[in-house]
2 protein chains.
Amino acid sequence: MMIELDLQSEIPIYTQLMDQIIEGIASGRLEPGESLPSVRSLASDIGINLHTVNKAYTLLKQEGFIQIHRKKGVIVVQKEEMPQLTEQYLAKLSQQLRPVIAESLCRGLSQEQLTEIITRLYNDIQSQNKE
Amino acid sequence: MMIELDLQSEIPIYTQLMDQIIEGIASGRLEPGESLPSVRSLASDIGINLHTVNKAYTLLKQEGFIQIHRKKGVIVVQKEEMPQLTEQYLAKLSQQLRPVIAESLCRGLSQEQLTEIITRLYNDIQSQNKE
DNA sequence: ACATCTGTTATATATATAATATAACAGATG
DNA sequence: CATCTGTTATATTATATATATAACAGATGT
């Protein structure tokens with residue numbers, strides 16, 4: 001999978017990495033059971049340190065999106081093992097969205113406009129092709 | 001306005017302050033033209049440093065939500081002066097929402113469920129009473 | 001067997017951010 | 001004229017980010 005980083009962004013590299021892998025899974029570009037590159041090869045490919053990749057992988061493992069086996073290496077979890085819609089997650093989701101929505105409200109974005117943006121993003125992510 | 005901070009949160013205090021003031025404006029608890037406490041009194045009230053409040057105020061001023069006059073002090077901008085729906089802001093909004101939506105998609109949240117959550121938050125924020 | 005690749009762990013360093021502390025300045029207030 | 005205001009400067013502490021180098025133990029391929 002193609003990884004694009006902005007090294008000048010205020011968003012940490014390991015966060016950008018996590019975001020892109022999660023979006024890869026969401027879009028289907030990364031399928032359940034699919035292998036991810038080793039920490040060393042991915043770090044080398046995109047020109048960053050091994051530990052930065054390792055941090056992203058470790059957090060993705062903690063959140064349940066990937067598994068790391070001695071034998072199989074780093075793989076995307078199976079569909080049945082994918083993180084679920086827990087109460088805890090829904091609370092986190094609302095907490096993440098709240099300030100974003102508040103600002104858009106201040107700027108006069110209507111509920112319909114906001115819903116349209118969300119819908120467009122949802123479909124954009126879902127309909128991405130491979131590569 | 002009541003300010004509630006979580007000093008143990010990984011979200012910086014100045015960010016929590018900004019978020020709460022913006023949500024105050026979005027809800028109408030803070031009206032255009034209304035005064036905000038001085039950096040020293042607010043810092044003293046909530047038990048944090050003056051510079052932390054000052055950082056939040058300075059950033060809110062830069063983004064256009066408040067004004068700081070020698071005479072009037074710190075006030076919420078008038079409705080006509082409120083930050084607008086610029087292309088730049090809409091791009092930032094999509095960038096903020098994208099990874100959040102991607103994760104919810106991985107966890108099996110439907111577009112309808114997501115829209116419902118957004119709508120609930122939008123209305124929650126809008127319908128908050130004073131105090 | 002042996003070299004190689006794997007995730008993992010440990011240390012160290014440099015840089016940036018966050019938060020606090022203390023001090024001072026200049027404009028405005030009463 | 002004392003007091004409060006935002007603002008600026010400087011310093012310190014703690015934490016987060018990213019890198020660098022090294023080592024360990026399990027697994028792989030020849």
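Quick note on labels: first sequence line is chain A, next is B, and so on, each numbered from 1.
Here A:Ser38 reaches the OP1 or OP2 of C:dT6: one of its side-chain N or O atoms lies under 4.0 Å away. Applying the 4.0 Å criterion to OP1 and OP2 of C:dA18, one finds that B:Tyr14 has a side-chain N or O inside that range.
Rounded to whole Å, atom P of C:dG27 lies 19 Å from atom NZ of B:Lys72. Between the CG atom of A:Leu17 and the C1' atom of D:dA18 there is a distance of 13 Å, rounded to whole Å. Look at CG on B:Leu5: it is 15 Å from C1' on C:dT20, rounded to the nearest Å. Atom CG in B:Asp6 sits roughly 17 Å away from atom P in C:dA18 (whole-Å rounding). In this structure, CD of A:Glu10 is placed 17 Å from C1' of C:dT15, rounded to the nearest angstrom. D:dA16 atom C1' lies 15 Å from atom CD1 of B:Ile11, rounded to whole Å. Computed from coordinates, the A:Gln67 CD to C:dG7 C1' distance equals 15 Å when rounded to whole Å. The distance from atom NE2 of B:His69 to atom C1' of D:dC4 is 18 Å, rounded to the nearest whole Å.
Taking every heavy atom of both residues into account, B:Met82 and A:Cys106 meet most closely at CG-O, 3.4 Å. In terms of heavy-atom proximity, A:Gly108 sits nearest to A:Gln113 at O-OE1, 3.9 Å.
A donor atom on one side chain and an acceptor atom on the other are not found under 3.5 Å apart for A:Gln111 and B:Gln126.
Across all strands shown, D:dA11 is found opposite C:dT20 as a Watson-Crick or G-U wobble partner, with both distances under 3.5 Å. Searching all strands for a Watson-Crick or G-U wobble partner of C:dG30 with both distances below 3.5 Å returns D:dC1. With both pairing distances under 3.5 Å, C:dC25 is matched to D:dG6 as a Watson-Crick or G-U wobble pair.
Positionally, the nearest nucleotide of DNA chain C for A:Ile68 lies more toward the 5' end than for the other of B:Ile48 and A:Ile68. Looking at which nucleotide of DNA chain D each of B:Leu36 and A:Lys71 is closest to, the 5′-most match is held by B:Leu36.
Only at 4.0 angstrom or more do the heavy atoms of residues 75-82 of chain A sit from any atom of DNA chain D, so none qualifies. For the contact set between residues 49-60 of chain B and DNA chain D, defined by any heavy atom under 4.0 Å, the members are B:His51, B:Asn54.
Residue A:Arg29 is tested with A:Glu34, A:Met1, A:Met2 for a side-chain contact (heavy atoms from CB on, under 4.5 Å); the sole match is A:Met1.
Under 4.0 Å is where a charged nitrogen must lie from a carboxylate oxygen, and between B:Arg120 and B:Glu116 no such pair does.
At the heavy-atom level, B:Lys61 lies under 4.0 Å from the strands shown only through sugar-phosphate atoms.
Atom CD1 of A:Ile68 and atom CG of A:Asn54 lie 7.0 Å apart (nearest 0.5 Å). Atom CG of residue B:Leu114 and atom CG of residue A:Leu93 lie 7.0 Å apart, to the nearest 0.5 angstrom.
Of the possible donor and acceptor atoms, one in the side chain of A:Gln16 sits under 3.5 Å from a partner among the backbone N and O of A:Asp6.
Comparing C:dT8, C:dT20, D:dA18 against the side chain of A:Ile13 picks out D:dA18 as the nearest.
You'll find a donor-acceptor pair under 3.5 Å spanning the side chain of B:Arg40 and the base of D:dT7, going by distance alone.
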Apply side chain to side chain contact (heavy atoms under 4.5 Å, CB included) to the pair B:Ile117 and A:Leu90, showing each step before the final yes or no.
CA-CA 9 Å; B:Ile117 290 173; A:Leu90 289 173; 4.0 Å; yes

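The side-chain hydrogen bond (donor to acceptor under 3.5 Å, both in side chains) test applied to A:Gln95 returns no partner, not counting sequence neighbours.
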